[in-house]
Each structure stands twice: as C-alpha cells, then as structure tokens.
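First the structure, which I've put down as structure tokens, then a few questions once you've had a look.
Keep in mind that this is a model prediction, so the values were computed, not measured.
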Amino acid sequence: MTRPAPAPALRMGTAAGRGTLLAAVLASGMVFLDSTVVNVALPKLGQDLGANVADLQWTVNGYLLMLAAFVLLGGALGDRFGRRRVFLIGVAWFTTASVLCGLSQGTGWLIAARFLQGAGGALLTPGSLSVLQSSFHPDDRGRAIGAWAGLSGVSTALGPFIGGWLIDALSWRWIFFLNLPLAVLVVLATLRWVPESRDESASRTAGPGRTRRRFDVLGALLGALALAGVTYALIDAPARGYDSAPVLIAALVGVLAAVAFVLLERRRGDAAMLPTGLFSSRLFSVLNIFTVVVYAALGGFTFFFAVYLQNVVEWSAFRTGIALLPMTVLLLIGSARAGALSARIGPRLPLSIGPVVSAAGLLLLRGVGPGASYWLDVLPGVLLFGLGLTLVVAPLTASVLAAVEDRFSGVASGFNNAASRAGGLLAVAALPLLVGLSGGGYEQKAELTNAFRGAMTWCAGLLLAGAVLALVLVHRPPRDAPPSQPCHSLPAATPPK
C-alpha cells in the first residue's frame, strides 16, 4: 500500500516559492533559448564549419528530434522516480552537452552534440513545469504557472537577441557556453528550495516492503525511430532523389515504427509511457494536434527568417536578433493577460484569433527584401506575429494541463512538449524540400529569396489551419467542471499558463 503524496504547499510570497519558480524558469529558459538562438548562428556556423543545407537542418533537427522523442519519457520518469531528481539530472546532462557543442570542430561533432543536448533537454523540460504544478498550493498555482509561461516565453524570444550579440562580439560557440552560469543558478536554487514529488500511484507492489517501478523505454525508442525515419527521408530526399532506396527505407521504417508505437502503448495500458486513456479527453487530443500545426509554422519561420535577414538583407547577427525583440516585449506583457482572458472566456477565441494574427504577420514579412527598412518592412510583421503568438502560448498550455488529472501533469506536459518539438522538427525537415532549397543554396541570394517567400506562405497556411481547428473543435465546458478530472475544454477555475 502506498502512502498518499503530501498536498502541495508552496506559496508565491515565500522564499521557497520564489526559488522554485526561479529554478523552473531558468531551466526551461536554457532549453527554449537553445531552440531559437541557434537559428541566428546558422549562417556564421555554416561558414565556419563548411556546412550545407542538410547540415544546418540536422543542427536544428538533431536537437528537436531528441526533445520530441524523449521529452515524454522524461515526464514519465519524473512522475515515477521523482520530478526534482530527474530535473537535476537533465540540467547536468544538458549543460555538459552544451559545452561539447561549443567545442565542436566539424559538423559531425556538432550534430552529435546537439543530439545529446536534446536528450538532456528532454529530462529537464517537463520537470520545469510539473514541479510547479505539483508543488504549489492550488490557490497560487495559477500565478506560478502564469509567471513561468511569461518568463519562459520571454527567454524564447530573447534568445536571438542575446545570441546575435554573442555571435558578432565573440563567436557562435558562446551561445552554448552561456548555459554554464545559468545551470549553476538552476542547480543551487533546486537543491535549496524545490521539494521532491512523484506520482505514488505509478509504483507497483512487488512484494512485502518492495516496490517495482516500470517505465516504457521501448515506447520511447519506437517514437524516436518514427521521427528519425521520417526526418531523414525528408532531409535526404533532395540529395539522393525521392525514389532512392535509403529515402524509401527511412520513410517506411518511420511509418512502421509510428504504428508499432501506437499499438504498444495501447497494449501496455497504465504501464505505458503514454497512457492512451489521456486521449479520452477531446480537448487534450485536439490541442496537441493544434500544437503540432502551430509550432510547425513557428519552427519554419525561425529557421528561415534569421538566415534570410543575414544572407539576403545583409544584416548582422545582432541586428537580426534585435529585429525579433518586439516579440519579447509582447510575450512579457501579454502572456499573463492572455492566460487570464482564456480562464474567463475559454480557450476557443484566443486559439482561433491568435494564429490568424500571426499568419498576417508572416505574409507581411514575405515581402521583405534587400535594403528593407526595419520600421516600415520588418517591424509590422514581427509585431503581428508576436501578438498572435502571445494570444496562443498561455491558453494552450493551461488547456492541456486542465484536460488531465493532476497526477498526469508530468506526462501531459511531456507529450505537449513532444508535440511542439515534433511540429518544428517536421517543418525544418520538410520546408526546404517543399520550397526547393538544398546544398549551398542558403548562400545564394536569389535561391534563398524564393525559398523564403515560399516558406512564409506555407507557414501562414499552417497557422490558418490551426485557427480553423480551434474554432471548430475547441469548446468551453460547463463552469462547474472539476479541474482535477479529465474534461473537454478549459474549466473556468483553471489557472492560466
């Protein structure tokens, strides 16, 4: 018989509450920063290491692949073995891999280190949110998650700005070394203030005084193989040909692994890494599809935009980072308000309107060219894109967490993170193929210009598809829907993210 877990008790006004929030924000900030800052470094990195388009894709996708494939396992491990413990392991792993990235002497070394970095991120990313969900008193949980959402979103947008300065002033290698001081602060804050928590029901009694814990490594490996097969096929197709044996085999392996993953998780039931019962909530299912679509557009935009501004518009890395700074401001001042609005009116309207606004921004940015004015040509599109993103981020995460029981907070957070990374992963793999960019084309102005404009059109289309999905399928539940039970939309009392 397992003992019930202690009730969450941390309050926002206490030192322990502030310290726990600091650790979660800084840790997730490292992962989010490295999801964006590398895009600003791609032109300099490619020039320094002699990379082609496929190398640049794998530099981004090696990281995203491991996050998407193993972040769900990271959430499940945290739920079962201790969220604080797994979180600390992830921080140490991620930081070590970051140093290896900074020391890379070739594209092969860098891509391998990025794979390792993504695996470390898969351990700490779900923990940064689930420790808040499981540690704070219900009355303060909304404020804590709202602050996490806003500050973590800021770190995502701030990455290109900080990275641009480091790249111009020092080297692209310093965007990875920056994680060292941040990791030290995270570890100190975690050891001092973050309480340990776990899902006690995840334990299985194996005999008197003994507990046997199970986790689904095979499921995680099948998920990774599915994503890797499809990604390899998409990236390698331009060089080898669509009907070449390696491309066809990789695509087939990816599809078969995906089917095997679904069948395995269904058969294992509660012992699965991803309990299929979570998908009995329509909100949880729909919003994760929405996440893939919207984050595919975000991933495609960030991959192309920074390279385009530097190689075609001929801006410096620092100026490119500044171009995205308005997104930081919008996320900083708007995330909490968007979360509060969603808590009052439900997620349907914010998730329907936000992608449309962002799509309008991308269509404006599609016209940017050599000699472009920041104020007249770039800023309006960036503002619209950032405003739409602000309307989406907080309501989306709050809705996902509200759709499942609290004891599944880690696995729900992990799966939603996996969905967002998978969206970006597939976009970076597929868009260059769809717009005809390969080899050294990113260094040719005319070729890159055509590819960029095509990519912005595709990304805008994805955003509009997400808006339609939210408008048609996301509905608000009755106001008395209990937040601790699976439901089909966001309860009125659910705190914003």
query: When rounded to the nearest 0.5 angstrom, what is the spacing between CG in Leu433 and CG in Leu234?
result: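 CG of Leu234 is found 6.5 Å from CG of Leu433.
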
- prompt: Roughly how far, to the nearest 0.5 Å, is the CD1 atom of Ile111 from the CG atom of Asn61?
  reply: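 Taking CG in Asn61 and CD1 in Ile111, the distance rounds to 10.0 Å.
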
query: Between Phe279 and Phe284, is a ring pair (Phe, Tyr, Trp, His ring centres under 6.0 Å) present by the stated rule, with each step listed?
result: CA-CA 6 Å; Phe279 296 96; Phe284 185 76; 5.3 Å; yes

- prompt: Are the side chains of Val474 and Phe290 in touch, meaning some heavy atoms are under 4.5 Å apart?
  reply: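 A side-chain contact under 4.5 Å is absent here.
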
- prompt: Between the side chain of Ser104 and the main-chain N/O of Cys101, is any donor-acceptor distance below 3.5 Å?
  reply: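 Pair found, side chain donor or acceptor close to backbone of Cys101.
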
Side chain to side chain contact (heavy atoms under 4.5 Å, CB included), paired with Tyr442, selected from Leu42, Leu56, Val312: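 It is Leu56, the one option of Leu42, Leu56, Val312 that forms the side chain to side chain contact (heavy atoms under 4.5 Å, CB included) with Tyr442.
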
Residue pair Leu287 / Ser399: nearest heavy atoms and the distance that separates them: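 That would be CD1-CB, 3.0 Å.
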
- prompt: Roughly how far apart are Cys459 SG and Leu464 CG, rounded to 0.5 Å?
  reply: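 Spacing of SG (Cys459) from CG (Leu464) equals 11.5 Å.
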
field: Side-chain (Glu443) to main-chain (Asn311) donor-acceptor, under 3.5 angstrom
entry: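 Not a single qualifying donor-acceptor pair exists.
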
message: To check you understand the geometry: which heavy-atom pair defines the closest contact between Ser352 and Ala467, and what is its length?
response: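 Of all heavy-atom pairs spanning Ser352 and Ala467, the closest is O-CB, 3.2 Å.
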
message: Run the side-chain contact (heavy atoms from CB on, under 4.5 Å) test on Trp172 and Leu166 for me, step by step, so that the C-alpha distance in whole Å, both residues' side-chain angles and the decisive distance to 0.1 Å come before the verdict.
response: CA-CA 7 Å; Trp172 60 267; Leu166 287 172; over 6 Å; no

query: Any side-chain heavy atom of Val435 sitting closer than 4.5 Å to one from Asn450?
result: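 A side-chain contact under 4.5 Å is absent here.
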
message: Is it true that Thr291 and Asn416 share a donor-acceptor pair across their side chains at a distance under 3.5 Å?
response: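 The criterion, which ignores hydrogens and geometry beyond distance, is satisfied for Thr291 and Asn416.
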
Full working for side-chain contact (heavy atoms from CB on, under 4.5 Å) between Phe87 and Thr190: CA-CA 9 Å; Phe87 177 72; Thr190 302; 3.3 Å; yes

- prompt: Do Leu49 and Asp55 touch side chain to side chain, with heavy atoms closer than 4.5 Å?
  reply: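 Result no, sub-4.5 Å side-chain heavy-atom pair not found.
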
Distance in Å, Leu431 CG paired with Leu437 CG, rounded so as to fall on 0.5 Å steps: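 Spacing of CG (Leu431) from CG (Leu437) equals 10.5 Å.
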
- prompt: Mind checking whether Val253 and Leu225 have side chains closer than 4.5 Å, heavy atoms only?
  reply: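 Answer yes - side chains close enough.
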
- prompt: Taking atom CG of Leu77 and atom CZ of Arg85, what is their separation to the nearest 0.5 Å?
  reply: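 So the CG of Leu77 and the CZ of Arg85 are separated by 11.0 Å.
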
message: Apply side-chain contact (heavy atoms from CB on, under 4.5 Å) to residues Val259 and Leu256 and explain how you reach the verdict.
response: CA-CA 5 Å; Val259 173; Leu256 292 178; 5.7 Å; no

query: Is the backbone of Ala317 close enough, under 3.5 Å, to the side chain of Asp168 for a donor and an acceptor to pair up by distance?
result: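 Side chain of Asp168 to backbone of Ala317: a pair is present.
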
- request: For the residue pair Leu389 and Met327, establish whether any side-chain heavy-atom pair is separated by less than 4.5 Å.
  value: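 Result yes, sub-4.5 Å side-chain heavy-atom pair found.
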
- prompt: Does a sphere of radius 6.0 Å around CH2 in Trp458 hold more than 12 heavy atoms from other residues, nucleotides or ligands, not counting ones at 6.0 Å or beyond?
  reply: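 Not more than 12 within 6.0 Å, no.
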
task: Please say which of Leu185, Val91, Val184 ends up in a side chain to side chain contact (heavy atoms under 4.5 Å, CB included) with Leu26.
output: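 Only one of Leu185, Val91, Val184 forms a side chain to side chain contact (heavy atoms under 4.5 Å, CB included) with Leu26, namely Leu185.
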
Expected output: side-chain Arg421 to main-chain Leu67 donor-acceptor under 3.5 Å: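 Looks like no, no N/O pair under 3.5 Å.
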
message: Can a donor-acceptor pair be found, under 3.5 Å and without considering hydrogens, that links the side chain of Glu196 to the backbone of Arg83?
response: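 A pair under 3.5 Å: yes.
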
message: Which heavy atom of Trp148 sits nearest to which heavy atom of Ala24, and what is that distance?
response: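 So the two residues come closest at NE1-O, 3.7 Å.
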
query: For the residue pair Ala41 and Ile175, what are the closest heavy atoms and their distance?
result: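 The answer is CB-CD1, 3.8 Å.
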
Test side-chain contact (heavy atoms from CB on, under 4.5 Å) applied to Leu362 and Leu463, step by step: CA-CA 10 Å; Leu362 293 187; Leu463 288 167; 3.7 Å; yes

message: I need the minimum non-hydrogen distance between Pro350 and Pro395, along with the two atoms involved.
response: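 Of all heavy-atom pairs spanning Pro350 and Pro395, the closest is CB-CG, 4.0 Å.
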
- request: May I have the step-by-step check of ring pair (Phe, Tyr, Trp, His ring centres under 6.0 Å) for Phe301 and Phe305, ending in yes or no?
  value: CA-CA 6 Å; Phe301 166 68; Phe305 192 57; 4.9 Å; yes

- prompt: Counting distance only, does the side-chain N/O of Ser128 pair as donor-acceptor with the main-chain N or O of Thr125 below 3.5 Å?
  reply: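 Judged by distance alone, yes, a pair lies under 3.5 Å.
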
message: Can you confirm whether Leu110 sits close enough to Arg114 that some side-chain heavy atom of one is under 4.5 Å from a side-chain heavy atom of the other?
response: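 Yes. Closest side-chain heavy atoms under 4.5 Å.
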
query: Going through the checks in order, is the side chain to side chain donor-acceptor pair (under 3.5 Å) test met by Gln117 and Asp34?
result: CA-CA 9 Å; Gln117 193 184 34; Asp34 274 36; 2.5 Å; yes

- request: Could you grab the distance from atom CD1 of Ile162 to atom CG of Leu325, nearest 0.5 Å is fine?
  value: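 Reported value, rounded in 0.5 Å steps: 10.0 Å.
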
query: How far apart are the closest heavy atoms of Ala429 and Thr231, and which atoms are they?
result: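 Nearest heavy atoms, Ala429 then Thr231: CB-CG2, 4.0 Å.
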
query: Under 4.5 Å between any side-chain heavy atoms of Val38 and Phe176, yes or no?
result: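 Counting from C-beta outward, Val38 and Phe176 do come under 4.5 Å.
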
- request: Could you tell me whether a side-chain N or O of Asn179 sits under 3.5 Å from a main-chain N or O of Thr95, the two making a donor and an acceptor?
  value: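 Here the side-chain-to-backbone pair does not exist.
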
field: Side-chain touch Met30/Leu33, heavy atoms, less than 4.5 angstrom
entry: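 They are not in side-chain contact.
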
task: Starting from the C-alpha separation in whole Å, work towards a yes-or-no answer on side chain to side chain donor-acceptor pair (under 3.5 Å) for Ser197 and Arg84.
output: CA-CA 7 Å; Ser197 64; Arg84 178 178 180 265; over 6 Å; no

- prompt: Can any side-chain N or O of Glu265 pair as donor or acceptor with the backbone N or O of Leu263 at less than 3.5 Å?
  reply: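 No.
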
